[in-house]
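Here the structure is laid out as structure tokens; the discussion comes afterwards.
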Amino acid sequence: MAGKIVLSKKDRMKVCWRHQFLQGSWNYERMQNGGWCYSIIPAIKKLYTNKEDQISALKRHMEFYNTHPYVSSPVMGVTLAMEEERANGAPIDDVAIQGVKVGMMGPLAGVGDPAFWFTMRPILGALGASFALSGNLLGPVLFFVLWNVIRFAFMWYTQEFGYKVGTSITKDLSGGLLGKITQGASILGMFVIGGLVQRWVSITLTPVVSTVANDEVNIIDFSKFDGTGESLQAILREYDSGKFLYDTTSTTLQDNLNSLTPGLLAVLLTLFICWLLKKNISPIVIIIGLFIVGIIGVLCGFM
């Protein structure tokens, strides 16, 4: 069509850049509507030259909107395509545009949480933490760079996908494809979280189950230490050979549990917290409860 208004790649990039700040004006009434409206302003200015049309367009995008901030990009892409069609005379009203946004934001939010919060961020965080724990400055830098590169690349390419596919994307996501994506992302996220439980959840039960006296022959004789390096090396060699440091060896409840199933308590605690969350127990209540149990456990000597 002659004189058709088309959003250039530069226009779409401006929208994508602004879309990073989707939650910048988050509010309890309409949630991400302010950030969404801010994001789409470059496109509205390009598509509608009349000031009244621009005001009208911004008003319809001030309606309620809320989804995962990263997977919001395909919704933006579809919306840009619809606004472009409307600006060129297509019979698309405010209800249709808002309907597409509302119809897509819910299902996509279910994909974004397991994919980013429960999978990508723990993986990159664990990678960065492994460097940081060894004193390597590369740890936090690696996490920051990789996270932002992956995040922005995902936002740009999914926005472009939504823009090119247009309104037909809603048909794709309303069928079995969305269910498979959500299920796969959730399973992957649970696998990752399960792998991190042993590393990040720490519980130690200190009650002593048994105390055994060690044979005097197998106890390191510290009286041989005369302050020289040679005597220290001799003591260390004895320790490496399996000799004991103390007269007795105590076995705690935690030692017994570790010999049966290492990390069992951490897994049970994680599953218990998941069960409490499923029962709609407030996370704040759970956190306070964990603090109380931990403090009482230390004071009473069983943790």
Side-chain angles (χ1 to χ4, degrees), residues 7 11-44 47 56-87 90 92-121 150-189 280:
L7 291 172
D11 297 325
R12 302 194 301 273
M13 179 59 78
K14 288 180 180 179
V15 173
C16 184
W17 176 259
R18 285 175 168 237
H19 204 184
Q20 296 182 93
F21 311 106
L22 178 65
Q23 303 204 105
S25 61
W26 195 94
N27 60 89
Y28 283 102
E29 183 181 0
R30 298 186 182 183
M31 298 193 174
Q32 296 170 338
N33 69 323
W36 175 278
C37 193
Y38 169 77
S39 303
I40 205 171
I41 284 176
I44 296 301
L47 295 173
S56 177
L58 292 178
K59 280 185 177 180
R60 65 173 163 265
H61 288 294
M62 286 297 289
E63 295 297 322
F64 175 87
Y65 182 80
N66 187 53
T67 190
H68 189 283
Y70 302 161
V71 298
S72 175
S73 295
V75 187
M76 177 61 79
V78 175
T79 304
L80 292 177
M82 295 183 72
E83 287 287 358
E84 186 177 280
E85 293 176 13
R86 174 169 174 154
I92 300 175
D93 58 13
D94 294 357
V95 176
I97 294 175
Q98 184 64 12
V100 168
K101 289 167 58 180
V102 172
M104 292 180 66
M105 69 183 188
L108 284 173
V111 175
D113 286 341
F116 285 95
W117 297 158
F118 304 149
T119 303
M120 189 62 64
R121 187 165 62 176
I150 294 172
R151 174 187 61 81
F152 188 77
F154 177 85
M155 293 182 68
W156 168 247
Y157 285 110
T158 53
Q159 178 183 291
E160 286 294 279
F161 173 74
Y163 174 75
K164 292 173 182 176
V165 176
T167 54
S168 62
I169 192 176
T170 57
K171 298 177 184 178
D172 294 334
L173 293 180
S174 62
L177 175 62
L178 180 63
K180 292 178 181 177
I181 292 175
T182 304
Q183 184 181 21
S186 299
I187 292 173
L188 178 60
N280 295 323

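At least one side-chain heavy atom of Ile41 sits under 4.5 Å from a side-chain heavy atom of Leu58. For the pair Met155 and Met76, the minimum side-chain heavy-atom distance is 4.5 Å or more. Arg151 is not listed as a side-chain neighbour of Met120, based on a closest heavy-atom distance of 4.5 Å or more. Using a 4.5 Å cut-off on side-chain heavy atoms (C-beta onward), Ile97 and Thr79 make contact. A 4.5 Å side-chain heavy-atom check between Tyr65 and Gln98 finds every atom pair outside the cut-off. Residues Pro42 and Asp11 form no side-chain contact, since every pair of their non-hydrogen atoms from C-beta on lies 4.5 Å or further apart.
In summary, of the residues considered (Phe154, Trp117, Trp156, Phe152), a ring pair (Phe, Tyr, Trp, His ring centres under 6.0 Å) with Tyr70 occurs for Trp117 alone.
Here the side chain of Thr119 pairs no donor or acceptor atom with the backbone of Phe116 at under 3.5 angstrom. At distances below 3.5 Å, not a single donor-acceptor pair connects side-chain atoms of Glu84 with backbone N or O atoms of Ala43. Counting only distance, with no hydrogens or angles, the side chain of Glu83 and the backbone of Leu80 share no donor-acceptor pair below 3.5 Å. Using modelled atom types, no side-chain atom of Gln23 and backbone atom of Gly35 make a donor-acceptor pair closer than 3.5 Å.
Using cut-offs of 30° and 60° on the angle between ring planes, the pair Tyr38 and Phe21 is perpendicular.
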Might you work through the side-chain contact (heavy atoms from CB on, under 4.5 Å) test for Leu7 and Leu47, ending with a clear yes or no?
CA-CA 8 Å; Leu7 291 172; Leu47 295 173; 3.9 Å; yes

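Residues Met62 and Arg30 approach most closely at O-NH1, 3.0 Å, considering heavy atoms. Listed here is the closest heavy atom pair of Ser72 and Trp36: OG-CZ3, 3.6 Å. Scanning both residues, Leu22 and Pro69, for their nearest heavy atoms gives CD2-CA, 3.8 Å. Minimum interatomic distance between Ser39 and His19 (heavy atoms only, all atoms of both residues): OG-CA, 3.2 Å.
Between Arg86 and Asp94, at least one side-chain nitrogen of the basic residue sits less than 4.0 Å from a carboxylate oxygen of the acidic one, meeting the salt-bridge criterion.
Between the CD atom of Gln32 and the CE atom of Met105 there is a distance of 9.0 Å, given to the nearest 0.5 Å. For the atom pair Ser25 OG and Met31 CE, the distance stands at 13.0 Å (nearest 0.5 Å).
Scanning for salt bridge (Lys or Arg N to Asp or Glu O under 4.0 Å) contacts around Arg12 gives Glu160, with sequence neighbours left out.
Trp26 CH2: more than 12 foreign heavy atoms inside a 6.0 Å radius.
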